[in-house]
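A short worksheet on the structure shown next.
In what follows, every heavy atom counts, from backbone to side chain, and hydrogens, waters and symmetry copies are set aside.
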Amino acid sequence: RSASPSATWKFTIMEVPLTSGPSTGSVDGSVGCCRSTARQLQLCKLLYFLEGFSFASFGRFATLYYLSRGLDAHEIGLIEACRPATAIVGGVLFGWLSDRLRRKKAVFLATRVASTAVLLLLPAPFIGSSFPRILALNAGGGFVGVGIGVLDAYTLDLLGERSTEYGQYRLWLAVSWGVGNAVMGNVAQISFDYNFILFGGLTAVELVLIAAVLPARTRSEVKLRADDARLHLQEEERAADAAAAAAADRAAPSLRRVLLSPRVLLFLAEVTGVGVLMALVERFLFVYATNELLAPPSLCGYAVGCNVIVELPIFHYGARLLRTLGHDLMFVLALAAYAGRVYGYTRLTPATVWWLLALEVLHGVTFGLAWTAAVDYAKAAFPKRWQTTAQMLTGLCNARLGVILGALLGGFFMQHGAFLGETDGRALYLLASVAAAALLVAHAAATLGLRACGARGLLTPPPSAAGLPVTSE
């Protein structure tokens with residue numbers, strides 16, 4: 001065991017069925033696997049924590065950095081749209097490559113090293129002094145920045161039948177994101193150089209832990225490789241059995257068929273819409289707060305820290321919320337919280353700007369409920385073979401395509417638009433509150449209509465499409 005821990009993991013994983021979770025077992029191999037799985041799940045908590053803290057170093061403060069470089073809201077919008085635009089291409093490519101090669105770890109490490117190296121070039125005078133160069137650098141960083149989709153897929157794979165407990169692991173990202181932003185707001189007030197240094201250092205620690213501790217392949221990847229090997233032997237030894245296996249494989253739900261189903265298309269469209277709405281806050285709130293409400297950078301950091309106050313218990317009790325509220329009601333409540341939050345922005349003044357902290361508590365309701373429901377629905381709706389793709393695609397629609405549209409539309413509207421007699425940031429967030437209310441009404445009406453006809457709700461998961469249990473509503 002001490003000589004080759006990775007070999008031990010591979011052996012014990014092969015001995016245990018895919019559905020085994022980190023519960024205790026009676027067989028020695030099963031016990032060893034369960035202990036290994038439990039250790040890996042604990043590591044996932046640490047990786048989520050490091051992920052959130054490292055990206056808190058720069059993520060939400062990017063707009064303040066660009067403002068310090070003399071860029072306006074429209075240029076910031078173009079930058080914030082360019083990065084997720086290239087990330088869509090890269091995310092689909094690397095998500096597919098991860099599932100195709102069944103090497104989540106290798107793909108994650110390679111892309112994270114590349115994206116970190118690209119971002120650390122940003123403070124270089126030659127880059128940071130030019131809008132076109134900043135734009136080009138963000139385009140390259142977005143292509144190799146796969147986000148946390150692979151880590152989500154890793155965690156869900158380790159949890160197995162206990163996938164509804166995902167929120168208890170994802171909440172560690174929320175913890176570090178909130179604490180990290182509160183700290184980094186004060187750091188940015190001193191110098192943005194320290195933000196970049198902390199980002200590089202924390203990411204390096206995360207990468208070392210992933211390379212040293214996580215096995216080369218997850219349990220499902222090992223099982224799928226074994227299935228492929230058996231199928232290959234059947235093809236060589238018994239053509240009839242191979243033909244039967246191929247027919248069974250064709251009968252399984254294909255990725256294309258799932259993607260083109262109306263419910264999945266509506267799900268991805270709604271996830272994209274939520275991403276647009278959230279991008280209007282995450283990309284332009286600090287611009288609005290500093291330019292129109294005269295808020296200091298430290299207040300911006302504290303505001304993000306307040307995001308996680310409600311987000312933490314929602315992720316922790318995610319399984320219970322899925323059972324009691326259901327996916328559709330969780331989405332409706334998320335949109336209601338968002339509409340109230342952004343409308344509150346329009347009522348703030350420089351004298352009352354610190355009330356922004358109270359409004360930011362509602363972010364946890366929006367993100368916690370919407371993301372918990374989205375991850376669980378995607379896992380149930382997609383075939384087992386394409387689970388990484390499912391999580392990557394959900395993240396791409398929300399955090400990539402949604403951000404592209406939100407950044408482009410928000411940046412242009414904030415610079416040139418007006419709504420109901422308001423201009424600049426007030427007009428943007430007044431429009432956002434109306435849009436969120438409209439999406440809420442549309443979702444509620446569609447769900448009630450479907451259930452009145454005897455069908456399941458709009459986002460109620462199908463009966464175990466991925467071969468895993470689905471929470472009932």
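- Proximity of a side-chain donor or acceptor of Thr116 to a complementary backbone N or O of Arg112 within less than 3.5 Å is detected.
- Between Leu121 atom CG and Ile134 atom CD1 the span is 12.5 Å, to the nearest 0.5 Å.
- Between the side chain of Arg133 and the backbone N or O of Phe126 there is at least one donor-acceptor pair closer than 3.5 Å.
- In this structure, Gln189 CD and Met184 CE are separated by 14.5 Å, a value rounded to the nearest 0.5 Å.
- Here the side chain of Glu360 pairs no donor or acceptor atom with the backbone of Cys306 at under 3.5 angstrom.
- Annotation for Asn186 and Ser298: closest pair OD1-CB, 3.7 Å, computed over non-hydrogen atoms.
- When all heavy atoms of Arg283 and Ala407 are compared, the closest pair comes out as CG-CB, 4.5 Å.
- Within a 6.0 Å radius of CH2 in Trp355, no more than 12 heavy atoms belonging to other residues, nucleotides or ligands are found.
- A distance of 7.5 Å separates OH of Tyr166 from OG1 of Thr155, quoted to the nearest 0.5 Å.
- Annotation: side chain of Val274 is in contact with side chain of Leu335 (closest heavy-atom distance under 4.5 Å).
- Counting heavy atoms from C-beta on, the side chains of Leu50 and Val205 come closer than 4.5 Å.
- Between Leu259 and Leu393, the closest side-chain pair of non-hydrogen atoms falls below 4.5 Å.
- In terms of modelled atom types and a separation under 3.5 Å, the side chain of Thr290 and the main chain of Ala295 share no donor-acceptor contact.
- Residues Leu171 and Glu311 have side chains not in contact (no heavy-atom distance under 4.5 Å, counting atoms from C-beta outward).
- Contact between Ala390 and Phe382 at its shortest, heavy atoms only, is CB-CG, 3.4 Å.
- A side chain to side chain donor-acceptor pair (under 3.5 Å) check over residues 66-76, counting only residues at least two apart or in different chains, returns the pairs Tyr65-Arg69, Tyr66-Asn138.
- Atom CG of Leu321 is separated from atom CG of Leu333 by 9.5 Å, given to the nearest 0.5 angstrom.
- Taking SG from Cys300 and CG from Leu285, the interatomic distance works out to 7.0 Å, rounded to the nearest 0.5 Å.
- Tyr169 contributes atom OH, which lies 6.0 Å from atom CD of Gln42 (distance to the nearest 0.5 angstrom).
- With contacts defined as side-chain heavy-atom distances shorter than 4.5 Å, the pair Met278/His363 qualifies.
- Listed for the Thr366 side chain is a donor-acceptor partner under 3.5 Å among the backbone atoms of Tyr338.
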task: List the steps and the verdict of side chain to side chain contact (heavy atoms under 4.5 Å, CB included) for Leu369 and Ile314.
output: CA-CA 7 Å; Leu369 292 178; Ile314 288 177; 4.0 Å; yes
Verdict with supporting geometry, Leu78 and Leu408, side chain to side chain contact (heavy atoms under 4.5 Å, CB included): CA-CA 6 Å; Leu78 291 173; Leu408 287 175; 3.6 Å; yes
query: Yes or no on side chain to side chain contact (heavy atoms under 4.5 Å, CB included) for Thr63 and Glu80, after CA distance, side-chain angles and deciding distance?
result: CA-CA 9 Å; Thr63 54; Glu80 295 292 348; 4.2 Å; yes
- request: Output, in order, the C-alpha distance, side-chain angles, deciding distance and verdict of side chain to side chain contact (heavy atoms under 4.5 Å, CB included) for Leu207 and Leu109.
  value: CA-CA 7 Å; Leu207 293 176; Leu109 286 173; 3.9 Å; yes
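- The aromatic rings of Phe315 and Phe367 sit perpendicular to each other, their planes meeting at more than 60°, with 30° as the lower class boundary.
- Listed here is the closest heavy atom pair of Thr86 and Ala139: OG1-O, 2.6 Å.
- Residues Tyr377 and Asp328 bring no donor and acceptor atom of their side chains to less than 3.5 Å of each other.
- At least one donor-acceptor pair under 3.5 Å links the side chain of Thr111 to the backbone N or O of Phe108.
- Residues Phe286 and Leu64 approach most closely at CB-CD2, 3.9 Å, considering heavy atoms.
- Looking only at side-chain heavy atoms (C-beta outward), Trp386 and Val258 stay at 4.5 Å or farther from each other.
- Evaluation of the ring-ring contact (aromatic ring centres under 6.0 Å, His included) rule for Tyr345 yields Tyr429 as partners, not counting sequence neighbours.
- Val175 places none of its side-chain heavy atoms less than 4.5 Å from the side chain of Tyr48.
- The closest side-chain heavy-atom distance from Leu294 to Val353 is not below 4.5 Å.
- Met414 and Ala73 get closest at one heavy-atom pair: SD-CB, 4.4 Å.
- Within 6.0 Å of CZ in Phe131 there are more than 12 heavy atoms belonging to other residues, nucleotides or ligands.
- Considering Asn307, Leu428, Val342 in turn, Val342 is the only one that fulfils the side-chain contact (heavy atoms from CB on, under 4.5 Å) rule with Val281.
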